[in-house]
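Notes follow once the structure below has been shown.
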Amino acid sequence: MVFKTTPAKDIIRVSVDKTIIADFQKRAGCKLSYFGLPGGLMLDILCWKELLRHFAAVERDQDLIEHRLLSTAFKRNIDRELELLRGDIDEVMSKWKDVDGRVPSLRSYDVLNLDYEGGMMYKDLQGSSRRLAAIRQMIQRQANEKQDFLLLMTVNTRNRDSKEFDNALQDIQDQLSEYGIDASEVVDWYKGQGYHYKLKVYVPYVFDSIAGSSRYVVRYHPPVTYLGSSSRRMVHFVMQMEYDETRAGRLKSRSLLQVMNIPFYEIAKSRLVELPIKTLTLSS
Amino acid sequence: MGLYAKPLHAIREYVQNEVDVEPLPTVVKIRREPRELSIWGDGKGMDENDIDIAKKVGISDKDPADHTGFRGIGIWSGVAIADEILISTKKRGCPKIYYLKIDGAGIRKRVHTNVSLKELLENNVSVAYSRDIPPKEHFTHVQLRRVIAEVRDSEMWSEENMRQYIIEALPLKLDPTWKYSKRVEEELQDNVPDYRVFSVEFQGKPVYRPPYNNNLEAPRFGFLFNDKNRRIGYWWFCINKERGKLDEDEFPRLIFKKKNFTIGDRRSCVSLFNEGERLVSWTTGEIHAIDPGLLPDSERMDFESSAEKEAFMQAIRDQLATPLEESVRKKSYCENLAEAVAEINLLSLQPIKASTGLEKLEKLKQLDSLEKRLASSYRPDWTPAELKKERDSKLEVVRKLKKSFARIRASGFEPQKAVSTEPDQASIPESEISLVEFANKLSLRHQSRAIMEVVETALSQLNDADLRIRIKSTIVKQLTQIIKVK
C-alpha cells in the first residue's frame, strides 16, 4: 500500500504546474474546475486548492486509493468541493458517466489532470489506443462548450510505444519536407535519444492534431522529465488549449517546428534543469 | 444478520463507536454515494490492540455506564447492508494506519450454516496497514461499499431521508440560528454529565438538530429526581409562541436523549402526559437521561426494562408532565384572554348594527360570550399585570355595550339604529347602497338595469337620507328574495 509522492513530482507540482494554473486562473478571473486523477493523497488538489473551486476526481471503483482519497478529502476539509467519479478514467471520459451511471456535474472543466501511471499509447488488438480515443472525446466535449483549458498529463516511457514514436518522428520529417524543410538530421538525433526525448516530441505532435480537429490552438509549456517512484522515467506535459473557431485541419509547418523545438527540462538533484536538444529552423 | 430493523441504524452505530472514546471527534462527516456510505471522524482512532477488541463481537470491553455502544456490535453493523466494509483508522502517536476489511457478503452468505460466529467473522475479516501517515493524525473512516440493492434502491437511501435520519438519531448540535440554541447548549453542558457535542456534516454541509424556527417562547429547564433525590434526568422545553399545536414535522415533541443520542422517536414521550398529545403538542424539547442505570435497548427505540427506567418514567409523569401541561394551559388561557380583549378592541372600532331581530340576538350572544371569556374563567394568578389591566377595562366596555344594545332591542323601534361602542361618539350613518351597482352585481338584464337607474335618479331627489336608505334597502332585500325564489 504505497501512497507516495517523489521530491521531483513535488517540484513540478509547486514550481511548474501551480505557476501555470495560477496564471490561467488569473486570466479566467475566477476559481477553476478540475477533472482528473488526483491520487489517494490528493496532493495536486491540495497544492492548487486556493485556485480551484470544484474537483471531479476519478478513481477506480472500490479501490483502496478511492478510500484513501475520500479520507484525505474529509481530513483536509475539501469534501464539499469533491465530486467522486468511480471507474477507469478512459471509460469515464469516453462514456461521460462513471460505473454508477453518474454524469460529471459540469459540462466542461478548466483543468484536466491526466496523471497516468502507465503509458499513453498502449493499443488494443485492433491497433487503436483506447486512451487516445478517450482523450479525443474529452477534448471534443470541451470544444462543444468552447472551453479554454489546461491539460496536464504525466506519462511514463514504455518500450512498447517505441515503434509508434519512431513512426511519428518519420511523419514529422515527411510533412516538413513537403514544406521544403529538411528535418532528417534533427529527427535522426531524436531517434537516437532515450524514450523520454521521443515522448517529448510525440505527445505535442499527437495533441496538436487532436486539438486542431476540435478547433483548439495549443500553447505548449516545456515538458519536464523526472524519475518517478520505482525509478520509472516520467514525462510531464502542460498544454494550454485555446478554443479558436477559425482553427481547423492539419498542422502547419510553423506548428511542426514549434513541436520539435519545445524546450525540454529535467528535474535533477531537486533542480529544474534545461536539457540540450537539437532544434530546427525554417532555413534547415 | 438483520441486526437492526432499520438499516440506517448502521450510521448511528459507527458514529457511536467514534464518540465512545475520549477525546471526542471535533467533526463527524457522513457522505452518501449511490452505492456506498462513508462515515469519517477525527476521533481517537484505533491501534492494533483496539482493532483486536473491536473485532470481538459482543464482547467489547466497554463499560456500559461509560459507552453508548457497549454491546460491541458497532463495527459489524454494516454487514447487514453492505457487501464490503472497509475501515481505515489511525490513532494519535501510532505510526501506522490500519485497514480493516470485512467481507459483508461472505458473512451474510454463511451466517445460517453450521460455522460458528467466531469462525465466520475471523474468516471474513482482514487487517493490513501502511506507514506513510504523520504520527499526529488520528481518525477513523468507515466505508460501506456495495450497499445491497434492497437498501440502496429503497427510499431510505435517498439523500433527504438519510438527512432526516441523521437529524433524528445522532447527537447533533442545536441549530445555531435558533435564538435560544446557545443558552440551551450551555445548560445541557452544565447539567447533563455526558452531554456530547461535536459537529456532524452530511454531504459536505453541517447538520443541526431542531428547533429551526424562532416561533417559540423562551426555554424552561429542570431536573428529574428519583425517590432518593438523585438527579436522573434533565429536561428543557419551549412552548409555541402562537396559540395551538406546533407542526410535528418541524418540531418534534419531547425527545428522549442518552448522551445526546436519541432514544425512541419524536412521539415516544407522549403517553407519559396526563392529556396525551393534546397539551404536549404545544411544546418541543428534550429529556436527557443522566442516570447511568438507564440503558438503551439494542435498537435505541426504548430504554431497557429496569427499576431505573420505571423511576425515570415516573419522574417524568410527576415532575415534568404536570408542570408542562399547566404551563400550556396557562399559555392557552392567556392567549384566550388576549384574544377576547382583541375582539372587543375590534368591536370598539365600528358601531354594532343589526337589521333584524335574529341578528340582534346573534350580536347579544357574541357579547355574552366575550363577557364570559373575560369574567367567568378569569384566573388572576395566571394573568400578567398588563393583560389584567386590559381585561378589566374591556370587561367594562363589553358590559356597557351589552346594556345599550339590549336597550335598543327592548324599545323595539325600527329602523335599526347603530349602537356606538364609544358612548360619546355620534352614530355613523350607513353608507348608501347604489342600486345601479346592485343591478350590475346581479347581472340583471339591460331593461332592468335601466329601471334601476331611473329609480336611483328619482330617489336622489329625496333630501331625507335615512328614508332614502330605507327605501333602497327594501328594494334590494325584496329583489334579492325574488331572485332567490326564481
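Order of the sequence lines sets the chain letters (A, B, ...), proteins ahead of strands, with each chain counted from 1. As the structure is a prediction and not an experimental result, all values here were calculated from the model.
For the residue pair B/Gln143 and A/Leu70, the shortest heavy atom distance occurs at NE2-CD1, 3.6 Å. The nearest pair of heavy atoms linking A/His67 to B/Ile87 is NE2-C, 4.4 Å. Annotation for B/Lys29 and A/Asp79: closest pair NZ-OD1, 2.9 Å, computed over non-hydrogen atoms.
Here the OG-NZ distance, from A/Ser71 to B/Lys90, works out to 12.5 Å after rounding to the nearest 0.5 Å. Note that CG of A/Leu64 and OG of B/Ser130 are 7.5 Å apart. Values are rounded to the nearest 0.5 Å. How far CD of A/Glu83 is from CD of B/Glu33: 9.5 Å, rounded to the nearest 0.5 Å. Rounding to the nearest 0.5 Å gives a distance of 10.0 Å between CH2 of B/Trp40 and OG1 of A/Thr72.
Counting heavy-atom neighbours within 6.0 Å of A/Lys75 NZ, excluding the residue itself, gives a total above 12. Heavy-atom neighbours of A/Arg76 CZ from other residues, nucleotides or ligands within 6.0 Å: at or below the threshold of 12. Atom CD of B/Glu150 sits in a sparse spot, with 12 or fewer heavy atoms from other residues, nucleotides or ligands closer than 6.0 Å. Around atom CD of A/Glu50, more than 12 heavy atoms belonging to other residues, nucleotides or ligands sit under 6.0 Å away. Within a 6.0 Å radius of CD in A/Glu145, other residues, nucleotides and ligands contribute more than 12 heavy atoms.
Applying the ring-ring contact (aromatic ring centres under 6.0 Å, His included) criterion to B/Trp178, with sequence neighbours excluded, gives B/Tyr180, B/Trp236.
Near-neighbour residues of residues 200-209 of chain B relative to chain A, defined by a heavy atom under 4.5 Å from a heavy atom of that chain, comprise B/Glu201, B/Gly204, B/Lys205, B/Pro206.
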